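To keep things clear, I will list the structure first and then write my remarks on it.
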Amino acid sequence: MSQILDTKRELIAQTSKLTCKVKRLLGSGGQGEVYEAMLNGQPVALKWYHPQVATRRQRKALEMLVANGPPDRSFLWPLDIVTARDLPHYGYLMPLRDARYQGIADLMKGRIDPTFRVLATAGMNLASSFLQLHARGMCYRDIAFGNVFFDPDSGEVLICDNDNVSVDHEEKGSVLGTPRFMAPEVVRGEAWPSTQTDLFSLSVLLFYMFMVHHPLEGRREVEIKCLDLPAMTRLYGEDPIFIFDPVNKSNRPHKEFQPNPLAFWPVYPEFLRKLFVRAFTDGLHDPAKRVRESEWRNTLIRLRDSILYCADCGTENVYDRESLGEGALSSGACWSCSQPIPLPPRIRIDKTILMLNHDTTVFPHHVNDQKLYDFSMPVAEVNRHPDKPGVWGLKNISMDKWVMTTPQDETLDVPPHKSVPLLNGTRIHFGNKQGEIRA
């Protein structure tokens, strides 16, 4: 395969003036080619533009991105512009993606099978990262499969192709987005990419992750004989209908050809489904009513906190408080084996209810108002008593002392490395917040 840059070619990084050496071609696309390269002894990724893309406008945009730096560490952000002495165009350097990260397309094709917890974590991280980007007054323009990767074991995310990021509403640019992910007003040619269209694309991406299907592709898509440009414009732009629209049921998924959304939709709790309904009914037609990144983040944190396991088959299920009622003793039937699922011990901290499964960890986000959305280091974990296998507790793995109040109103200190038994009515004072165990 021919390529623009020869292996071992040396380029010059414009800011640092360091020499960058090309190692191997990683892939190519419409804008250029991506290589692995070495800079100051460290591996980096290098995107080299095709001549028609390497415009003055694109270079100016890159200079702005390099100067501003990434919104957070999940963005594989441009590090520096690189040039060659004998070529008129240019490229840029960015961090190299670690091999443990997989594309969301791999999820769609069944190559990876992450847990619900990992999907919730990945969705939470994506919402948080795009919130940081939008808070800077910038839009991504092209949220889609090819630009997002996640670790199927941890839910950590990486966002690439950030050279198309622009100041919101400031530049029209040449990138409108990826088909199936573009907001209806962009498909119709009525708007340019913006923060509001990013919100639509993010909702589509999250729906794909949880339902393994597109939110607008139901019976109407099956009935289309030729999915050409006019058909796609109608389906995604002129007359889009959510496949689970509670009022208009004309575009429900086809049982034979579109089984995934029919299987997954009832698995998830009402509080998540409501957000998708809003995103693809009101938000489909009114950009101002789209689901914000902060709402997705809070909802996906709640989803993660609500996961519990079937005692018969071990499958992850989700506690749906709205559907079951506050005083329910069971989480209903397992979606996989249909056996009833007794609720595990759980802890209420303010309005949050956190399932205390065998693998549950508690983070600063849960117990400290000053550290909302801090999931960097756990402060507690559920563990088994070393001498009594049937007895479980919540172990303090923070650096701070807790105070425990027993069901008999006895007060005891819980220093680091000690555990609180999971007994109904036990209260734990974490310092900033108080939680009460239900079992």
Side-chain angles (χ1 to χ4, degrees), residues 26-27 29-31 34 45 71-77 94-133 139-165 175-183 193 197-217 221 236 243 253 258-261 263-265 267-268 272 275-276 279-280 291 293 296-297 299-301 303-304 316:
L26 297 176
Q31 289 188 314
V34 178
D72 69 27
R73 63 181 184 180
S74 68
F75 290 89
L76 297 180
W77 202 255
M94 57 185 160
L96 189 65
R97 174 168 55 91
D98 191 287
R100 66 188 171 97
Y101 289 90
Q102 303 292 317
I104 293 178
D106 294 315
L107 174 67
M108 300 300 106
K109 295 178 180 179
R111 298 190 190 115
I112 55 175
D113 186 22
T115 63
F116 286 171
R117 185 177 301 279
V118 165
L119 286 177
T121 302
M124 173 192 77
N125 288 332
L126 284 172
S128 181
S129 292
F130 284 115
L131 175 61
Q132 302 308 314
L133 179 75
C139 67
Y140 186 82
R141 308 179 67 90
D142 191 20
I143 299 174
F145 285 158
N147 301 331
V148 173
F149 298 83
F150 74 108
D151 184 336
D153 294 321
S154 70
E156 294 175 86
V157 301
L158 289 179
I159 301 167
C160 64
D161 284 349
N162 295 289
D163 51 328
N164 293 315
V165 171
V175 176
L176 293 177
T178 298
R180 291 183 167 86
F181 287 88
M182 292 187 290
T197 65
D198 274 0
L199 293 178
F200 180 83
S201 302
L202 176 61
S203 295
V204 173
L205 184 64
L206 291 171
F207 194 88
Y208 261 124
M209 289 170 63
F210 289 101
M211 307 299 165
V212 200
H213 196 78
H214 192 281
L216 306 179
E217 293 177 0
E221 189 252 352
Y236 304 111
I243 59 175
Q258 299 164 330
N260 285 342
F264 285 114
W265 183 254
V267 168
Y268 292 104
L272 179 62
L275 220 54
F276 279 129
F280 300 116
V291 179
E293 322 89 323
W296 283 121
R297 179 174 63 178
T299 297
L300 295 171
I301 290 171
L303 178 67
R304 208 171 73 153
E316 287 177 300

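Quick note: numbers below take in every heavy atom, side chains included, and nothing from hydrogens, waters or symmetry partners. Values in this document were obtained by computation on a predicted structure and should not be read as measured data.
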**Prompt:** Going through the distances and angles, do Ile159 and Phe130 end up as a side-chain contact (heavy atoms from CB on, under 4.5 Å)?
**Reply:** CA-CA 9 Å; Ile159 301 167; Phe130 284 115; 3.8 Å; yes
**Prompt:** For Gln258 and Ile243, what are the C-alpha separation, side-chain angles and deciding distance, and is it a side-chain contact (heavy atoms from CB on, under 4.5 Å)?
**Reply:** CA-CA 11 Å; Gln258 299 164 330; Ile243 59 175; over 6 Å; no
**Message:** Run Leu303 and Phe210 through side-chain contact (heavy atoms from CB on, under 4.5 Å) and show every step you take.
**Reply:** CA-CA 12 Å; Leu303 178 67; Phe210 289 101; 3.8 Å; yes
**Message:** Quick one, Asp161 with Gln31, criterion side chain to side chain donor-acceptor pair (under 3.5 Å). Give me CA distance, side-chain angles, the key distance, then yes/no.
**Reply:** CA-CA 10 Å; Asp161 284 349; Gln31 289 188 314; over 6 Å; no
**CA sep, side-chain torsions, deciding dist, call: Trp77, Val165, side-chain contact (heavy atoms from CB on, under 4.5 Å)** = CA-CA 10 Å; Trp77 202 255; Val165 171; 4.1 Å; yes
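For residues 107-128, the set of pairs meeting the salt bridge (charged side-chain N to carboxylate O under 4.0 Å, His left out) definition, not counting sequence neighbours, comprises Asp106-Arg111. Note on residues 145-157: pairs passing salt bridge (charged side-chain N to carboxylate O under 4.0 Å, His left out), not counting sequence neighbours, are Arg100-Asp151, Arg100-Glu156.
Residues that satisfy the side-chain hydrogen bond (donor to acceptor under 3.5 Å, both in side chains) test with Thr299, not counting sequence neighbours, are absent from this structure. Asp198 is linked by a side-chain contact (heavy atoms from CB on, under 4.5 Å) to His134, Cys139, Tyr140, Ile143, counting only residues two or more places apart in sequence or in another chain. By the side-chain hydrogen bond (donor to acceptor under 3.5 Å, both in side chains) test, Ser203 pairs with Trp296, sequence neighbours left out. Applying the salt bridge (charged side-chain N to carboxylate O under 4.0 Å, His left out) test to Glu217 and every residue at least two apart in sequence or in another chain returns Arg180.
Side-chain atoms of Leu300 and Arg304, non-hydrogen and from C-beta on, never get closer than 4.5 Å to each other. A heavy-atom distance below 4.5 Å is not found between the side chains of Trp265 and Pro253. Pro179 places none of its side-chain heavy atoms less than 4.5 Å from the side chain of Tyr236. In this structure the side chain of Leu206 never reaches within 4.5 angstrom of the side chain of Val291, judged on heavy atoms. Taking 4.5 Å as the limit, every side-chain heavy atom of Pro193 sits out of range of all side-chain heavy atoms of Asp142. The shortest distance between side-chain heavy atoms of Phe145 and Leu205 falls below 4.5 Å. Looking only at side-chain heavy atoms (C-beta outward), Leu133 and Asn162 stay at 4.5 Å or farther from each other. At a threshold of 4.5 Å between non-hydrogen side-chain atoms, the residues Phe276 and Met211 count as touching.
Between Phe264 and Val212, the closest heavy-atom pair is CE1-CG2, 3.7 Å. Across every non-hydrogen atom of Val34 and Met94, the tightest pair is CG1-CE, 4.3 Å. Considering all non-hydrogen atoms of both residues, Phe200 and Ala183 come closest at CD2-CA, 3.4 Å. What you find for Glu316 and Thr115 is that their closest heavy atoms are OE1-CB, 3.2 Å. Heavy-atom minimum distance, Gly103 versus Ile112: O-CD1, 4.3 Å.
No donor-acceptor distance shorter than 3.5 angstrom exists from the side chain of Asp72 to the backbone of Gln132, with no hydrogens or angles considered.
Ring centroids of His214 and Phe207 are separated by 6.0 Å or more, keeping the two rings apart. If you look at Tyr208 and Phe181, their ring centroids are closer than 6.0 Å.
In this structure, the separation between CZ on Arg297 and CG on Leu126 is 12.5 Å, given to the nearest 0.5 Å. How far OG1 of Thr121 is from CD1 of Ile301: 9.5 Å, rounded to the nearest 0.5 Å. Put simply, OG on Ser129 and CZ on Phe75 are 5.0 Å apart, with the number rounded to the nearest 0.5 Å. The structure places CZ of Arg141 at 12.0 Å from OG1 of Thr178, a figure rounded to the nearest 0.5 Å. One distance of note links CG of Asn260 with CE of Met108; it measures 8.5 Å at 0.5 Å rounding. Here CG of Leu76 is found 11.5 Å from CG of Asp163. Values are rounded to the nearest 0.5 Å.
The aromatic rings of Tyr268 and Phe116 sit tilted relative to each other, their planes meeting at an angle between 30° and 60°.
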